[in-house]
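The structure appears right after this line, and notes come after that.
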Amino acid sequence: MQQVNLGMIGGGTVGSGVFHALQLNGGLLASRIGVEVRVRKVAVKAFDEPRPYEIPKSSMTTDWQAVVSDPQVDVIAELAGGTAIARTMVLAALKLGKPVVTANKALLSACGEELFAAAREHGTNLYYEASVCGGIPIIKSLREGFVGNRITRLYGIVNGTCNYILTRMKLEGADFEAVLKDAQAQGYAEAEPSLDVDGHDAMHKIGILASLAHGFWVNPKDIYVEGIRSVTQTDIQFANQLGYTIKLLGIIKRDEGQGTKAGARRSSPARVQVSVYPTLVPNGHVLASVNHVFNAVFVRGDIVGDTLFYGRGAGKDATASAVLSDLADAALDLKFGTKHRVPPFVQHERDGAVVPIGDVVSRYFVRLNVMDKPGVLAKISAIFGEAAIGISSVIQPEGHQGATVPLILMLHDAPNGAVTRALKKISGLAVVKGAPVMIRVENFA
Ligand code: HSE
């Protein structure tokens, strides 16, 4: 049987997961694809770094350059993480014409275009299934399964840490800080949680998915991001009363007006909303039931209709599953000499653009803290009325003690910019105390 020699960089959680998965299922993989993937060497930071699965000392080295340049190594798996050094490692391998498999979303988000160009220039390929949603095969699905579809909508719960925290906040009635602390103690959240809870990890993933789906490389700076630190128990409860669950959603929406007429679709450049923010999801929608650390991606194609992907988005085994799938592709491409059978990224929408958040239209949940006296609602609704923003429902719960009461408004579809400006005026009213809370509502139309 033909053999492909793998050089791995990274022997931590993901690296040792891949090593273990190949030990477990390498034979199965070989019998399915007709090529054996054999680990030649694993470059590690330190021989004794903590790792969930053991790697024999004889398989390890601390010299990543020696692994990349080893003439016996046919394919590199970059599982080290980080961006600066990882970029150097990946470029070094690509320059030698060696295919690279990576799980590194932050690297792709920051340097994707450069790395894809290097792969093209050096006649090799870059595979990145493991970079988005761990074990969910969403990259392959978008790139290959839906190759004949225009992707009109993609909604993703793509950060397990945030989903875990929001799920527990809802189920236990606990506050963000308390749940975060406990999640950290149990190993469900990082000691330095900002990459996850401030939405940046989700941004990396959503940017990669948006680029693939719409054929222009999305600059992370153009992605509007809000994390979950400001989601309160009060808002979770009011949202629930109204029939909604708050989820951190990545949203990729092709502009309305594109996608109805075939001719218009061909000629008009893609205008796409690409954002990450806490969202009210109707309790009846399937994404409202995706709980704890699970990820889910809902994709609507103009031909296929609605589809749903669900699974573990992180962890040693789920991520290893995605890396093995990329290794199989790389091994098959090496076997048949088909290096660009599936290019990593094809720019097929040169004039595509991300719609600025101010122009994005959505519905809204607004919570204000107001004085409980006559005329307050009239003042607030007048400001929304002047801005042509419709109110679809109002709740002011009875039985609140004190000078102020919560006032919850659900707003009809309106541009984000108009709502932000109206809320600024409203927060300037003497009868409104504290900063207004605004959370977008998704109806999945
Ligand atoms: N930290 C991420 C999550 C997994 O919580 O989903 C890696 O991207």
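Each ligand, and each atom within it, is numbered from 1 in the order the structure gives.
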>> Show me, by chain and number, every protein residue that has a heavy-atom distance under 4.0 Å to ligand 1.
In response: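 Protein residues near ligand 1 are K105, N159, G160, T161, D196, D201, K205, A314.
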> Considering all heavy atoms of both residues, which atom of N240 and which atom of K170 are nearest to each other, and what is their separation?
Replying inline: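 Looking at all heavy atoms of both residues, the closest pair is OD1-NZ, 3.3 Å.
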>> Can you tell me which residue among R153, R271, R150 is in a salt bridge (Lys or Arg N to Asp or Glu O under 4.0 Å) with D255?
In response: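 Filter result, single survivor: R271.
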NZ/NE/NH1/NH2 to OD/OE distance under 4.0 Å, [X] and [Y]:
X: R341; Y: D333; value: yes
X: E442; Y: R363; value: no
X: E78; Y: R87; value: no

Ignoring hydrogens and angles, write down the donor-acceptor pairs under 3.5 Å from the side chains of residues 2-13, residues two or more places apart or on other chains.
{"residue": "N5", "atom": "ND2", "partner": "Q72", "partner atom": "O", "Å": "3.0"}

